[in-house]
J.: 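I'd like to ask you about the structure that follows.
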Amino acid sequence: PGTRRVTRSFVNLIAASPAEIAWMPSCTAHCRVHVLQLPGGRAGEISLPGRSQSYGGAFSPDGRLLALQVTARVSAAGRAAATRLMVATVATGRITAVPGTTVGSGNGVSFGWQAGGHRLIADVTVGVPGRYEWQIAAWRPGDMRLSVALTQTPDGSWPVVDQGPY
């Protein structure tokens, strides 16, 4: 930023933090998320299972983990029919499915990491217009299941699960 020069650009950016950038180049099979650590320029890849693609991501506060929203099922037309959350260890590329997070692709999912830790928080809207409810879920690496609560918010408001910006 100090030089006001663009030295590199990223297509299909899915996550960014002050120290890391993740993006996913176009692919049709055996897709990989690319991660660049800004101090030093170390690059790595995270292989996604099957025909999965990633649509969004969030780095943990310490940058060691990357939560990803990925395709869980693909329709006959080749479009995402369902998505789920997965968490990758950035240093090794090892990826783990977060249990209980598969939802239809038409459902909006927001997710992020609790400040100062490795607790992934996610929400999904349920209900009908005028009477929305939210499923709020929490998970830590190593947990065998997702902790889920159902809540309502006042009209015109919604839960905030990540650090923004808003």
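Sequence positions, counted from 1, serve as the residue numbers for this chain.
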J.: How far apart are the C-alpha atoms of W139 and V87, what are their side-chain angles, what is the distance that settles it, and do they pass the side-chain contact (heavy atoms from CB on, under 4.5 Å) test?
T.: CA-CA 10 Å; W139 179 83; V87 173; 3.5 Å; yes
J.: Taking all heavy atoms of L146 and all of A138, pick out the closest pair and write down the distance.
T.: CD1-O, 3.6 Å
J.: Quick one: does D62's side chain get under 4.5 Å of H118's, heavy atoms only?
T.: yes
J.: Where do G63 and E20 come nearest, in terms of heavy atoms and distance?
T.: O-OE2, 2.9 Å
J.: Within the 3.5 Å criterion, strictly below it, is a donor on T83 or Q69 matched to an acceptor on the partner's side chain?
T.: yes
J.: Does one hydrophobic cluster hold both L13 and Y55, with members joined at side-chain heavy-atom distances below 4.5 Å?
T.: no
J.: Nearest heavy-atom pair of A22 and L66: which atoms, and what distance?
T.: CB-CD2, 3.9 Å
J.: Can you give me the closest heavy-atom contact between G117 and P61, atom names plus distance?
T.: O-CD, 3.4 Å
J.: Does the T89 side chain pair with the main chain of T92, one donor and one acceptor, at a distance under 3.5 Å?
T.: no
J.: Any side-chain heavy atom of H34 within less than 4.5 Å of one from I21?
T.: no
J.: In a check of side-chain contact (heavy atoms from CB on, under 4.5 Å) between V98 and each of L85, L68, D143, which one passes?
T.: L85
J.: Can you check whether M24's main-chain N or O pairs, donor with acceptor, with N12's side chain at less than 3.5 Å?
T.: yes
J.: Are F59 and I95 grouped together when hydrophobic residues (ILVMFWY) are joined by side-chain heavy atoms under 4.5 angstrom apart?
T.: yes
J.: Check for a donor-acceptor pair, side chain of S60 on one end and backbone N or O of L65 on the other, with a separation under 3.5 Å.
T.: yes
J.: What are the two closest heavy atoms between L36 and G41, and how far apart are they?
T.: CD1-O, 3.4 Å
J.: Give a yes or no answer on whether the side chain of Q53 reaches the backbone of C27 with a donor-acceptor pair at less than 3.5 Å.
T.: yes
J.: Closest heavy-atom contact between F111 and L120?
T.: CD1-CD1, 4.3 Å
J.: Please check if the side chain of W113 supplies one atom and the backbone of A58 the other of a donor-acceptor pair under 3.5 Å.
T.: yes
J.: Test of understanding: clusters of I, L, V, M, F, W, Y form through side-chain heavy atoms closer than 4.5 Å, transitively. Do V35 and L38 belong to the same one?
T.: no
J.: Where do M86 and T96 land on the side-chain contact (heavy atoms from CB on, under 4.5 Å) test, with the steps shown first?
T.: CA-CA 5 Å; M86 301 189 86; T96 303; over 6 Å; no
J.: Hey, what do you get for CZ (R140) to OG (S147), rounding to the nearest 0.5 Å?
T.: 9.0 Å
J.: Report yes if the side chains of V103 and V109 come closer than 4.5 Å at any heavy-atom pair, otherwise no.
T.: yes
